[in-house]
Engineer: 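Next up is a structure, given as structure tokens.
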Amino acid sequence: MKYSGRIVIISVVLILIVAIRMYGTLYYNYPSLQFPIIGIFIVFASWLLGTQYDKLKFLSEKDSLTTLYNRRFILETFPRLIASVDRKQEKLILYFIDVDNFKIINDTHGHKIGDQVLQRIANVLILHSEKRDLTARWAGDEFLILSTFSDACQRAMMINRIQNELKLASKEFNLDISVSIGTASYPDEAQTLDDLLHAADQDMYSLKSDRKLS
């Protein structure tokens, strides 16, 4: 959770306290070295208020289990992201990630282990994505990454790194953890978020079908 709310409100309060103290000293002969009991109380109260703001902001943007961005944040941010991509004449890659056989993991090992698997996968996705990428839990056992850095080569490398990392996670949990990843690019394959998701979903199921045949 970031500290933006606390930093802003504390900064404003400190500036106001200093201004009031200077005004009182200049015009009312208020002792400049008087211990600021009231000021400290106001700063403490402001910190608590800022903490509540930061918590609410965190919950509005992040998934509480994985701490990745949530669906709402992606829906709100996508138009601005596309505008930036168009302005810079970049491409946007959407990675759509589905956890393989997650229902079996939940049914066999319980929801607690299932939650831990989702958290581990989320950490892997963050580890192997760029700082500018947006990584989100889309729904249930579905994740997505929006990246402006991926060409075809980088796309394949990123997917391989994720899959290899999950092989290590499988050994840690002593169960099979894997994901299927489909991709789609803007503006080449689709222009809206819904169309990108559909194209990536189709790509993912095509890969799943090829895997079953091999």
Engineer: Does the distance from a Lys or Arg side-chain N to an Asp or Glu carboxylate O, for Arg161 and Glu165, drop under 4.0 Å?
Structural biologist: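 The answer is no: the pair does not qualify as a salt bridge.
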Engineer: With distance as the sole test, does Arg137 use its side chain to make a donor-acceptor pair with the main-chain N or O of Gly140 at under 3.5 Å?
Structural biologist: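 A pair under 3.5 Å: yes.
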Engineer: Salt bridge or not between Glu142 and Arg71? Use side-chain N to carboxylate O under 4.0 Å.
Structural biologist: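 No, no charged N to carboxylate O under 4.0 Å.
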Engineer: Between Leu125 and Ser129, what is the shortest heavy-atom contact and its length?
Structural biologist: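 Result for this residue pair: O-OG, 2.9 Å.
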Engineer: Any chain of hydrophobic side-chain contacts (each under 4.5 Å) joining Met157 to Leu94?
Structural biologist: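 In one cluster: no.
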Engineer: Is the backbone of Pro187 close enough, under 3.5 Å, to the side chain of Gln191 for a donor and an acceptor to pair up by distance?
Structural biologist: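 Yes; judged by distance alone, with no hydrogens or angles, the pair exists.
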Engineer: Considering all heavy atoms of both residues, which atom of Ala200 and which atom of Ala184 are nearest to each other, and what is their separation?
Structural biologist: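 Taking every non-hydrogen atom into account, N-CB, 3.7 Å.
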Engineer: Check whether Asn160 reaches the backbone of Ala156 with its side chain - one donor and one acceptor, N or O, closer than 3.5 Å.
Structural biologist: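 Answer holds: yes.
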Engineer: Does any N or O in the side chain of Gln163 come within less than 3.5 Å of the main-chain N or O of Val179, such that one atom is a donor and the other an acceptor?
Structural biologist: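 Pair found, side chain donor or acceptor close to backbone of Val179.
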Engineer: I'd like to know if the side chain of Asn101 reaches the main chain of Ile104, judged simply by a donor and an acceptor atom lying under 3.5 Å from each other, with no hydrogens or angles considered.
Structural biologist: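 Not at all, since once roles are kept as given, no pair shorter than 3.5 Å links the two residues.
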Engineer: With no hydrogens and no angle check, do the side chains of Asp86 and Tyr186 hold a donor and an acceptor under 3.5 Å apart?
Structural biologist: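 Looking only at side-chain atoms, Tyr186 and Asp86 do form a donor-acceptor pair, the distance falling under 3.5 Å.
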Engineer: So how far is it from Leu197 CG to Gln202 CD, rounded to the nearest 0.5 Å?
Structural biologist: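 Here the interatomic distance stands at 12.0 Å.
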Engineer: With a 6.0 Å cut-off (strictly less than), is the heavy-atom count around NE2 of His109, excluding the residue itself, greater than 12?
Structural biologist: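 Atom NE2 in His109 is packed in, count exceeds 12.
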Engineer: Is Arg120 salt-bridged to Glu172, cutoff N-O under 4.0 Å?
Structural biologist: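 So Arg120 pairs with Glu172 through a salt bridge.
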Engineer: Residues in side chain to side chain contact (heavy atoms under 4.5 Å, CB included) with Asp203, at least two apart?
Structural biologist: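 If we apply the side chain to side chain contact (heavy atoms under 4.5 Å, CB included) test to Asp203, skipping adjacent residues, the hits are Thr183, Leu207.
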Engineer: Can you see which heavy atom on Ile97 is nearest to which on Leu144, and at what distance?
Structural biologist: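 For Ile97 and Leu144, the tightest heavy-atom pair comes out as CD1-CA, 4.2 Å.
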Engineer: Do we get Lys62 above Tyr69's six-membered ring, with its NZ or CZ under 6.0 Å from the centre and within 45° of the axis?
Structural biologist: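 Cation-pi check for Lys62 and Tyr69: passes.
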Engineer: With a 3.5 Å distance limit and no angle check, can you tell me whether Ser170 reaches the backbone of Ile177 through a side-chain donor-acceptor pair?
Structural biologist: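 Between the backbone of Ile177 and the side chain of Ser170 there is a qualifying donor-acceptor contact (under 3.5 Å).
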Engineer: As an exercise, state the distance from CD1 of Ile93 to CG of Asp133, rounded to the nearest 0.5 Å.
Structural biologist: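 Reported value, rounded in 0.5 Å steps: 10.5 Å.
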Engineer: Hey, are the side chains of Val99 and Phe143 touching, using non-hydrogen atoms and a 4.5 Å cut-off?
Structural biologist: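 The answer is yes, as the side chains (C-beta and beyond) meet within the 4.5 Å cut-off.
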Engineer: Consider side chain to side chain contact (heavy atoms under 4.5 Å, CB included). Of Ile145, Ile74, Leu68, which one does Leu134 pass it with?
Structural biologist: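 Only match with Leu134 under side chain to side chain contact (heavy atoms under 4.5 Å, CB included): Ile74.
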Engineer: So which pairs with a foot in residues 100-113 pass salt bridge (Lys or Arg N to Asp or Glu O under 4.0 Å), sequence neighbours left out?
Structural biologist: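 Every pair satisfying salt bridge (Lys or Arg N to Asp or Glu O under 4.0 Å) with a residue in residues 100-113: Asp100-Arg211, Lys103-Asp107.
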